[in-house]
*Asks:* 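Quick one: structure below, then a few questions.
This chain uses plain numbering: 1 for the first residue, then up along the sequence.
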Amino acid sequence: MRYTTEKEKQEVRTVREKAQEEKSCQLRQRLQLLLELPLTDPQQKEVLKEAGLPVRYRDRLQLIAWNLYQKALEGDMGAVRELRSIMAEPKPAAEKGKGRLPGQQSQPPVVIVDDVG
């Protein structure tokens, strides 16, 4: 299929982008629903219970966060990076820059203590 004008090409791109955006939005909403479902596996419930988490936080999302945290404690750098990226999610515009001195880094540096010796 050939498009004769630049305007037609732009319209097709716009339609494709909107369809892709809608699809990703639907996927995000569905994933959010799945993550908010309560745990049904007794072993998974026990893991969060032993961690001391309140009952209201014992869902699939918390289980994923707990497992990621445990991997980071074991030294998995991929888990550490993932936790840092989650913690660095953008804040609302009203909160950006509050309590920060000019020139100060937006994220604190990661310090890894090597307990060899």
*Asks:* Who are the side chain to side chain contact (heavy atoms under 4.5 Å, CB included) partners of Leu34, not counting sequence neighbours?
*Replies:*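 Residues passing side chain to side chain contact (heavy atoms under 4.5 Å, CB included) with Leu34: Leu37.
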*Asks:* How far does CD of Glu82 sit from CE of Met77, to the nearest 0.5 angstrom?
*Replies:*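 One gets 13.0 Å once the value is rounded to the nearest 0.5 Å.
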*Asks:* Can you pull the side chain to side chain donor-acceptor pair (under 3.5 Å) pairs that have at least one residue in residues 29-40, sequence neighbours excluded?
*Replies:*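 Non-adjacent pairs meeting side chain to side chain donor-acceptor pair (under 3.5 Å): Gln32-Glu36.
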*Asks:* With sequence neighbours excluded, tell me which residues meet side-chain hydrogen bond (donor to acceptor under 3.5 Å, both in side chains) with Gln43.
*Replies:* none
*Asks:* Not counting sequence neighbours, which residues clear side chain to side chain contact (heavy atoms under 4.5 Å, CB included) with Pro42? List them please.
*Replies:*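 Listed in chain order: nothing, the list is empty.
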*Asks:* What pairs of donor and acceptor atoms, side-chain ones from residues 67-76 against any protein atom, are under 3.5 angstrom apart with sequence neighbours left out?
*Replies:*
{"unit_1": "Asn67", "atom_1": "ND2", "unit_2": "Leu63", "atom_2": "O", "d": "3.2"}
{"unit_1": "Asp76", "atom_1": "OD1", "unit_2": "Gly78", "atom_2": "N", "d": "2.9"}
{"unit_1": "Asp76", "atom_1": "OD1", "unit_2": "Ala79", "atom_2": "N", "d": "3.4"}

*Asks:* In chain order, what residues pass the side chain to side chain contact (heavy atoms under 4.5 Å, CB included) check against Ile64, with sequence neighbours excluded?
*Replies:* Leu35
*Asks:* Heavy-atom distance under 4.5 Å between the side chains of Arg58 and Lys45, does that happen here?
*Replies:*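 Answer no - side chains too far apart.
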*Asks:* Taking ILVMFWY side chains as joined if any heavy atoms are under 4.5 angstrom apart, and letting links pass through other members, which residues group with Val55?
*Replies:*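 Under the 4.5 Å side-chain rule, Val55 groups with nothing.
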*Asks:* With a cutoff of under 4.5 Å between side-chain heavy atoms, which Ile, Leu, Val, Met, Phe, Trp and Tyr residues group with Leu27?
*Replies:*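 None; Leu27 is a cluster of one.
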*Asks:* Any side-chain to backbone donor/acceptor pair from Arg60 onto Leu39? Under 3.5 Å, distance only.
*Replies:* no
